[in-house]
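Contents: one structure, followed by commentary.
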There are 2 protein chains.
Amino acid sequence: MAKLDSVPAPTLRRFPNYLTLLKQHLQDGQSHISCTHIAQDLDMTAIRVRKDLEMTGVVGRPRVGYPILPLVEAIEQLLGWNEPSRAILVGAGNLGSAIIGYAPLGQMGLKIMGIFDNDAHKIGTRIQGQTVLTTEQMPEMIRNHSIDIGILTVPEKVAQEVADSMVSAGLSAIWAFTPRPITVPEGVVVERVQLAASLAVLMGRMLEEDRRVPARAG
Amino acid sequence: MAKLDSVPAPTLRRFPNYLTLLKQHLQDGQSHISCTHIAQDLDMTAIRVRKDLEMTGVVGRPRVGYPILPLVEAIEQLLGWNEPSRAILVGAGNLGSAIIGYAPLGQMGLKIMGIFDNDAHKIGTRIQGQTVLTTEQMPEMIRNHSIDIGILTVPEKVAQEVADSMVSAGLSAIWAFTPRPITVPEGVVVERVQLAASLAVLMGRMLEEDRRVPARAG
DNA sequence: GTCACACTGTTAACCGAATCACACTGTAGA
DNA sequence: TCTACAGTGTGATTCGGTTAACAGTGTGAC
């Protein structure tokens with residue numbers, strides 16, 4: 001039985017990596033896999049893999065490893081990827097379209113129920129087979145289809161406003177691609193994808209490397 | 001003078017947040033700002049702000065706060081955002097186009113020097129005013145224009161291959177949007193943007209919340 | 001049957017980041 | 001000039017996640 005303890009965020013972040021690897025080995029016909037093997041494939045230490053898998057409650061056997069199928073099922077259950085969650089996307093710009101087109105979204109238990117924008121030029125157009133609706137129709141959609149997750153890819157200026165109307169319509173989780181934080185009431189979960197933060201880490205480390213080995217002089 | 005100690009990754013990640021806030025206050029005509037104020041605006045603790053700003057080497061004054069302009073300059077220097085870095089993007093699909101169209105890229109010191117793809121349908125088309133070139137032309141471009149950063153938005157299958165040819169052409173940093181890790185030699189910096197990981201955290205926490213307050217049943 | 005050992009499960013040590021507590025400083029106000 | 005105090009700077013503490021160390025276990029080989 002899976003533990004009900006809260007899973008640390010770093011572990012949650014690594015779960016998808018395990019999933020893709022496990023599914024691949026499953027397709028190759030294997031039924032068990034050892035954490036040493038997983039660690040090698042994903043370039044991490046065996047201990048960390050063991051610790052992460054411990055969260056699933058699945059037990060392994062000496063000289064055999066962990067049973068893959070139960071692992072996959074346990075992880076998917078911990079992530080809620082075993083059954084589809086209903087989601088909407090607001091902001092059908094470049095980024096929004098890219099997210100919608102991101103193939104493995106379906107494998108992650110996400111079902112896009114609607115796409116919204118307030119740009120007259122975009123309303124009525126189709127993205128990946130779905131018609132773009134006006135933002136005004138959003139709250140109704142959230143209520144009538146009991147949407148769980150809102151994907152926020154609107155420009156900075158209206159981000160907070162849209163988030164507010166999402167929350168007041170009953171959404172419980174927001175996946176935000178906004179450069180600045182948004183504030184939500186207690187109980188609503190927000191996860192931000194910060195491209196700027198990621199780039200900052202990349203360039204910061206790059207400068208550090210250059211400083212350590214000054215091969216190229218600016 | 002800014003410290004040359006390595007800046008912790010979490011701090012690097014927060015720097016862009018400070019930057020946008022600071023620039024905004026600068027535009028509003030303010031010359032100084034206190035960490036308490038910053039903390040309130042960004043919904044974090046004052047202590048953490050102070051610790052982060054400590055890395056810049058800029059000193060604040062009691063009852064006045066930190067001088068904004070030096071702060072901005074110090075942070076941009078630590079991130080290498082003060083002068084443009086030359087970058088290329090490989091993989092002109094949905095995601096690639098979205099990245100190219102991501103407005104603040106220029107403010108982050110990134111100058112896109114070329115866009116590459118190996119899909120015959122895309123080669124020759126224009127994205128944000130730039131013509132898509134064939135992947136074969138990439139190494140030449142890297143060498144001739146001393147490109148620093150490669151943005152990797154290709155499908156999973158060719159990711160490692162493209163990364164390899166980037167590295168062998170002399171790139172020193174890769175910003176990868178690939179679902180699986182890529183391996184590079186020592187000295188090359190890789191930063192992955194993992195959409196799946198982010199979504200995993202969101203949904204994991206959502207389930208936790210539901211478990212804690214079981215308002216909605218299945 | 002029994003032996004070796006690959007691999008797991010668990011407790012303890014470690015480390016870095018976040019947080020706390022508090023001394024210090026110099027400005028603003030009287 | 002003096003005082004109060006907002007706000008900084010810093011050493012000590014806590015905390016969570018990673019790593020290490022080691023005991024336990026049951027499979028596969030002989």
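Values below: all heavy atoms of this structure, side chains included; hydrogens, waters and symmetry mates excluded. These numbers come from a predicted model, not from an experiment.
With rounding to whole Å, A:Leu53 atom CG is found 15 Å from C:dT10 atom C1'. Atom-to-atom, CD of B:Glu54 to P of D:dT10 comes out at 6 Å; the value is rounded to the nearest Å. The interatomic distance linking A:Asp43 (CG) with D:dT18 (C1') rounds to 16 Å, in whole Å. Straight-line distance from the NE2 atom of B:His37 to the P atom of D:dT8: 12 Å, rounded to whole Å. What separates CZ of A:Arg13 from P of D:dG16 is a distance of 16 Å, to the nearest Å. We find that NZ of A:Lys51 is positioned 6 Å from C1' of C:dT10, with the value rounded to whole Å. To the nearest angstrom, P of C:dA6 lies 19 Å from NE2 of A:His32.
Counting heavy atoms from C-beta outward, A:His25 and A:His37 have side chains that approach closer than 4.5 Å. A 4.5 Å side-chain heavy-atom check between B:Val7 and B:Phe15 finds at least one atom pair inside the cut-off.
The base of D:dG9 is paired with the side chain of B:Arg50 by a donor and an acceptor separated by under 3.5 Å.
Comparing A:Pro8 and A:Ile47 along DNA chain D, the residue whose closest nucleotide (by nearest heavy atom) sits nearer the 5' end is A:Pro8.
Comparing atom distances between the A:Pro62 side chain and each of C:dT27, D:dG7, D:dG24 picks out D:dG24 as nearest. The side chain of A:Val59 lies closest to C:dG9, out of C:dG9, D:dG17, D:dA6. Proximity note for B:Ser34 (side chain, C-beta onward) versus D:dT8, C:dC7, C:dT27: the nearest is D:dT8. The side chain of A:Arg14 has D:dT18 as its nearest neighbour among D:dT18, D:dC5, D:dT19. Among the nucleotides D:dT19, D:dT27, D:dG9, the one closest to the side chain of B:Tyr66 is D:dG9. Distances from the side chain of B:Thr36 to the nucleotides D:dT8, C:dT27, C:dA17 place D:dT8 closest.
In this structure, CD1 in B:Ile127 is found 8.0 Å from CG in B:Asp117, a value given to the nearest 0.5 Å.
Contact annotation: A:Arg63 does not reach the phosphate of D:dG26 (side-chain N/O to OP1 or OP2, under 4.0 Å). One finds a side-chain N or O of A:Arg48 lying less than 4.0 angstrom from the OP1 or OP2 phosphate oxygen of D:dT19.
Between the side chains of A:Asp52 and A:Thr11, at least one donor N or O lies within less than 3.5 Å of an accepting N or O. With 3.5 Å as the limit, one finds a donor-acceptor pair spanning the side chains of A:Asp164 and A:Gln160.
If you check every strand for non-hydrogen atoms under 4.0 Å, A:Thr45 touches sugar and phosphate atoms only.
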